[in-house]
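What follows is one structure encoded as structure tokens, with my remarks underneath.
Just so it is clear: chains get the letters A, B, ... in the order the sequence lines come, proteins before strands, and each one is counted from 1. This structure is a prediction, so every number in the text was calculated from the model and none was measured.
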Amino acid sequence: MNEETRENLIDMSVNLGGLKMQNPVAVASGTFGYGREYQDFIDISRIGAVIVKGTTLEERCGNPAPRIYETPAGMLNAIGLENPGIDVFLNVYLPSLIEDRVTVIANIAGNTVDEYALLSRKIDKHPGIAGIELNISCPNVKQGGMQFGTDPDLVKQVVEAVKSETSLPVIPKLSPNVTDIVSIARAARDGGADALSMINTLMGMAVDIDRRKPVLGNIFGGLSGPAIKPVALRMIYQVYKEVDLPILGGGGILNTRDALEFIMAGASAVSIGTGNFVNPVVAEEIALGLEKYVTEQGLTGINELVGAAVL
Amino acid sequence: MNEETRENLIDMSVNLGGLKMQNPVAVASGTFGYGREYQDFIDISRIGAVIVKGTTLEERCGNPAPRIYETPAGMLNAIGLENPGIDVFLNVYLPSLIEDRVTVIANIAGNTVDEYALLSRKIDKHPGIAGIELNISCPNVKQGGMQFGTDPDLVKQVVEAVKSETSLPVIPKLSPNVTDIVSIARAARDGGADALSMINTLMGMAVDIDRRKPVLGNIFGGLSGPAIKPVALRMIYQVYKEVDLPILGGGGILNTRDALEFIMAGASAVSIGTGNFVNPVVAEEIALGLEKYVTEQGLTGINELVGAAVL
Amino acid sequence: MPLAEKGTVISNHQTGRDLWEMEFLAPGIAAESKPGQFVNVRLGDYSDPLLRRPLSLYDVEPDAGRITLLYKIVGRGTQLLSRYGSGQLIDVMGPLGLGFDLVQNRRVILIGGGVGIAPLLFLTRELVARHNEVIVLHGTGSSDELCSQGRFSKLGVEYKVATMDGSSGYKGLLTDMMKEALEPLPTDYIYTCGPEPMMSAVAAYASQHGISGQLSLEEHMACGVGACLGCARKLKETDTAYVKICKDGPVFPLDAVQLSTGGS
Amino acid sequence: MPLAEKGTVISNHQTGRDLWEMEFLAPGIAAESKPGQFVNVRLGDYSDPLLRRPLSLYDVEPDAGRITLLYKIVGRGTQLLSRYGSGQLIDVMGPLGLGFDLVQNRRVILIGGGVGIAPLLFLTRELVARHNEVIVLHGTGSSDELCSQGRFSKLGVEYKVATMDGSSGYKGLLTDMMKEALEPLPTDYIYTCGPEPMMSAVAAYASQHGISGQLSLEEHMACGVGACLGCARKLKETDTAYVKICKDGPVFPLDAVQLSTGGS
Ligand SMILES: Cc1cc2nc3c(=O)[nH]c(=O)nc-3n(C[C@H](O)[C@H](O)[C@H](O)COP(=O)(O)OP(=O)(O)OC[C@H]3O[C@@H](n4cnc5c(N)ncnc54)[C@H](O)[C@@H]3O)c2cc1C
Ligand SMILES: Cc1cc2nc3c(=O)[nH]c(=O)nc-3n(C[C@H](O)[C@H](O)[C@H](O)COP(=O)(O)OP(=O)(O)OC[C@H]3O[C@@H](n4cnc5c(N)ncnc54)[C@H](O)[C@@H]3O)c2cc1C
Ligand SMILES: Cc1cc2nc3c(=O)[nH]c(=O)nc-3n(C[C@H](O)[C@H](O)[C@H](O)COP(=O)(O)O)c2cc1C
Ligand SMILES: Cc1cc2nc3c(=O)[nH]c(=O)nc-3n(C[C@H](O)[C@H](O)[C@H](O)COP(=O)(O)O)c2cc1C
Ligand code: FES
Ligand code: FES
């Protein structure tokens, strides 16, 4: 069989707990706006899935400036979930994404379990969304956010509540700021999660030594980018071994080799966050790069590589 | 008063819970051997304190190779506490350090609370050691190590056991791989800790995509270097606000500006680990750099800056 | 429509104290550019520094496909930028942001502080083309930071300088010179870019004299396109919403912004 | 005594496929250097790449204070190394590790695979000075990786090459050529550096013929001085202790090491 024929038989699609992606590369929540911001640079219909900015019930205006800061091989952000609220998202931003035939994953954050449920109900009623990522790990908001993601009982509760409101695939996004990621992942599974997204940012900070103050208006922020890649890989590896759910893995991915590390460590699909800022066409480049690798290695699909490095 | 006179009045010494250092810059355990390895490059008597390689009761041969790997702005290590055992350390390696008038901090790791106690007793009996750092956070050994550092009750127990065996300053070294660093710090204080050392490495891994295996022989390793600086600063800031103990802060320090960030976030002294590999004279350079800064800012001593950025 | 392009460096050389000029070919971006817009530049091939750096369009010649940047070395990114040699490729996104409104047939004053002069050269070119009488005021610490004189002179506009140490032109604050320089003739419009305390003084003067105008703001950026919501700023303290400098700006009306007046 | 020195780059240029040579002045290090030792080089000014890179002393002229490296571009560090220009400073620690034992008045064979030829040039120079008959065998994939011929010829030693594709010298494995090249004359001592499967074949041949010798090993390094215990390796599988390549090596007796024979 020559390469060309084989390429046609190659399956780059991914089924992430019922959520179908044409290729394994998603762009991560909060780093790609509502898709339109990068439209001039990349054909967004070529991306496996666009996970839109974290959305809350009501509009939020976000944290005081400065909100971002560069760190060695990474960045801190403390956006504070600025967003126009779920209704505006569904009615104003979503339609154009649907028109562009983008696989859209919503990302929701609530202050209470009930809010997560309510958000999910609204999304469930609205056609055009392929899945719901639960942001239970945002380190940048006072209420809600991270404390949900660090307590197994709360994780289970939130997932259960959401599952009872929607038939869409539900993907909790786990916080890495925990002692035992496996117990959190198990709680999510016990609550009925269809897949897991990991990892969100590590909580960090920077000091402005000239002003003798924290750099960020919010003091603390979420660390993302290549700096956190080793932590992300470790947690995905641990969870892949212990919990039988597909994983959407990310944290510091900048290129195809990085993405392959995640897939071999157990991720069924990958998400690119900070990498979009560095290279706005990175998601498409990685999707193509993965396809090339699968072809060159004589594999039938990307799925064959998932967990390949797990001992 | 002109600068020269003022310089004489400047106090760069540090009292870390009873442990006196001539300047606030220590070299971190496991990155400086027993001092002699870097002797050709740096006058080790100029370093605030040398924290020697983690020592156990019995000799340990360490983890299988490969043990280290470079990551973006950081490195992974899984040395596995290779060391000749406490008796060889005290009898063979310590004497030359004492001769060189180095402030030596021992770093000990046990498999059980009793082992920590026994190690401390041996050190207490042996003159020439200024303090004991308790490694309750090593991610690279199966038994002992990190699980001590992630459970507040165990932390308290270990510290109490050690305190009952020695009158030397006892400095538990906290693991960053926890959900709530403040509760761990409190437990250490409740056990009688004299100061806190933070942070040890974040647990991470890397995948060799060509061999489709984890890179490290031990699979997981500790992430150190500039990549982890934001996490270290955040944890030190949190603990400084909540727990009234002096902090020996480190994680990714490469230069004087980095050290100032740590001090302003609440560290009374700093430790340099990976930075020694990058620049073997970095500890001396930073000690001088801090003195210059204190002088230029017209301060009387480094202590004035501790926690200066904490809101 | 903005795009990502690998520009080819034509030249890159120092023109003043810590000040450098880089010329590169990027026809796609050049064709779309307007004064006041900026490019977001990726520096180096490694993960540190990681983020792109926003830099104004100092000059643009669309026909030649040529873009010039004027930059001050302040940190790692600008340091790396200064190491690019001719023929090397440079990874640029642009043009980004909303540029200046271009008035016509007016007497306009452009006030640049330090490297804040950068966006005002391309602006001058376009304003001259629109039959405005353009007066450029440039303030710096010392004469070795005045590297733009030749370029402005070529455009045939009046270019006055103030230096803090008096080594060239008016000795003292640009904003003190401003008052002398602008009166008694009426000013129709003011464009300014520079340190906020300077722009604050300019805005106060403008408001006092009922002159409208625009300024250009800076904020740390990641995406440069409005996707990350990182470059947020409240224009006035009483605002509830944050604008995004990269997308809603960097240019804003002079009277829309509450500026830092100095101190810390 | 090793030291840290800022060397001044004299030249840095490509000499073969992915192969570069850099000359720099570092009199302190040059004065102390012995064949088989290495330097640990810091590349770039930023945090990525972070760690130093170990590179063998390809050639050293102590009187001129000059050190030459031969390096193959394989990743980020070596890529950055290739960008250094003459006059630039380069941050080097060395000489590190234990070098080769230098025999006298013998017939010795030096066997280098690929860029493993690097430590063998300086060694040749010193062996020639010690009245040895030196035969150098160098194997590569193709002739465009044979960049050292001139330097060895200048030292007046026999230099034979094998290339996998036959584009120069013997066609095939260096170790196959070795058998032909060495016999019938007796060999007193063997030095080798290169891929482990190659060195493994050399060691097997040596053991079969009762020839002693030394080889040079590689391991990822951080400190380069024995402080981090990172570059650990069990010489034989049955060993309980790990040697540190940077301090106990990189040179070891041929028969002390169990080498990887290939595969993965
Ligand atoms: C719209 C816009 C246009 C600009 N135009 C110019 C110009 O034409 N010429 C020029 O010299 N400078 C200009 N600047 C400022 C320039 O972006 C910074 O000087 C530069 O990013 C500093 O990078 P660094 O790595 O050298 O400094 P570092 O301090 O090492 O940078 C660290 C981080 O802080 C950010 N940062 C530091 N200073 C600034 C700043 N003043 N504004 C925004 N981000 C900053 C960097 O982008 C980076 O993310 C402009 C800024 C903006 C927002
Ligand atoms: C004692 C010694 C002497 C050496 N002498 C030479 C020489 O003269 N010429 C030459 O071309 N190469 C030599 N090498 C190999 C050289 O060190 C590596 O090729 C180089 O470190 C690769 O760096 P990189 O950033 O380009 O590659 P990357 O793969 O990006 O490096 C990533 C990390 O892996 C390490 N690494 C990668 N390959 C090796 C390797 N083979 N050995 C050790 N560490 C590695 C790097 O040091 C770095 O920490 C020597 C190695 C050792 C241990
Ligand atoms: C500027 C910024 C904003 C983010 N906003 C969100 C968000 O709204 N919801 C969320 O779940 N994650 C958010 N994240 C986290 C990313 O989706 C991603 O999980 C994280 O950045 C790690 O991946 P990376 O290293 O590829 O960026 C944000 C990250 C960044 C950098
Ligand atoms: C190679 C290596 C070995 C280490 N060994 C020890 C050890 O034996 N005991 C210990 O408490 N910490 C050990 N550490 C952790 C360091 O002391 C330090 O806490 C950590 O590396 C973070 O600081 P850094 O980023 O400055 O390196 C080791 C770190 C490295 C890189
Ligand atoms: S830099 Fe991302 S929104 Fe402005
Ligand atoms: S590299 Fe540190 S011990 Fe060898």
Side-chain angles (χ1 to χ4, degrees), chain A residues 27 30-42 52-54 59-84 208 210-213 215-217 221 224-227 229 252 254-255 258 273-281, chain C residues 1-6 28-29 32 40-54 74-77 91-97 217-235 237-248 258 260 263-264:
Chain A
V27 286
T31 67
F32 214 75
Y34 293 103
R36 54 166 79 172
E37 292 81 357
Y38 275 112
Q39 236 159 4
D40 295 330
F41 298 92
I42 183 169
V52 294
K53 175 68 193 167
E59 176 183 2
R60 286 181 60 105
C61 61
N63 283 333
R67 291 181 174 181
I68 54 171
Y69 190 67
E70 190 185 59
T71 66
M75 64 176 284
L76 289 164
N77 90 79
I79 308 300
L81 280 183
E82 173 174 341
N83 81 94
D208 180 335
D210 300 318
R211 291 168 55 246
R212 295 192 192 161
K213 276 193 185 157
V215 167
L216 297 175
S224 64
K229 194 177 72 158
L254 289 189
N255 54 45
D258 293 337
T274 307
N276 297 305
F277 309 152
V278 178
N279 172 8
V281 297
Chain C
M1 215 172 79
L3 61 155
E5 207 169 0
K6 298 260 189 268
I29 296 173
E32 303 278 337
N40 215 5
V41 187
R42 169 101 174 100
L43 295 162
D45 300 324
Y46 308 98
S47 295
D48 183 44
L50 180 68
L51 298 177
R52 290 170 180 265
R53 300 297 191 254
V74 299
R76 304 174 306 161
D91 181 351
V92 187
M93 282 169 77
L96 303 175
L217 291 179
E218 294 186 356
E219 228 12 280
H220 285 209
M221 292 185 180
C223 69
V225 300
C228 74
L229 310 183
C231 62
R233 175 176 176 137
K234 279 192 183 169
L235 289 188
E237 227 172 82
T238 51
D239 287 357
T240 49
Y242 293 88
V243 299
K244 306 306 161 307
I245 301 299
C246 71
K247 209 187 164 190
D248 305 318
Q258 204 167 320
S260 144
S264 80

Review point. Any ion pair linking A/K53 and A/E37 (charged N to carboxylate O, less than 4.0 Å)?
Key: no

**Study point:** Closest non-hydrogen atom pair, C/C231 against C/C246
**Key:** SG-N, 3.3 Å

Practice item. Starting at CD1 of A/I68, measure out to SG of C/C223 and round the result to the nearest 0.5 Å. Key: 7.5 Å

**Study point:** Structural part of C/L43 lying under 4.5 Å from a heavy atom of chain A
**Key:** neither

Exercise for review: Would you mind telling me which of C/R76, C/H220, C/M221 makes a side chain to side chain contact (heavy atoms under 4.5 Å, CB included) with C/R53?
Suggested key: C/R76

Exercise for review: Output the option from C/P49, C/S47, C/A4 having the highest count of non-hydrogen pairs under 4.5 Å with chain A.
Suggested key: C/S47

Check your understanding: So which of C/D48, C/D91, C/L51 has the biggest tally of heavy-atom pairs under 4.5 Å with chain A?
Key -> C/L51

Study note, to complete from the structure: Correct closest heavy-atom pair for A/A78 and A/L216 would be CB-CD1, 4.1 Å

Revision key, fill the gap. Of A/Q39, A/E82, A/E59, A/M75, the largest count of non-hydrogen pairs under 4.5 angstrom with chain C goes to A/E82

Review point. Rounded to the nearest 0.5 Å, how far does CZ of A/F41 lie from CG of A/N279?
Key: 11.0 Å

Check your understanding: Side chain, backbone, both or neither: which part of C/K247 has a heavy atom under 4.5 Å from chain A?
Key -> side chain

Revision key, fill the gap. Looking only at C/R233, C/M93, C/R42, C/K234, the option with the highest number of non-hydrogen pairs under 4.5 Å against chain A is C/M93

Point to revise | When C/A232, C/A227, C/A241 are compared by non-hydrogen pairs under 4.5 Å with chain A, the top option | key: C/A227

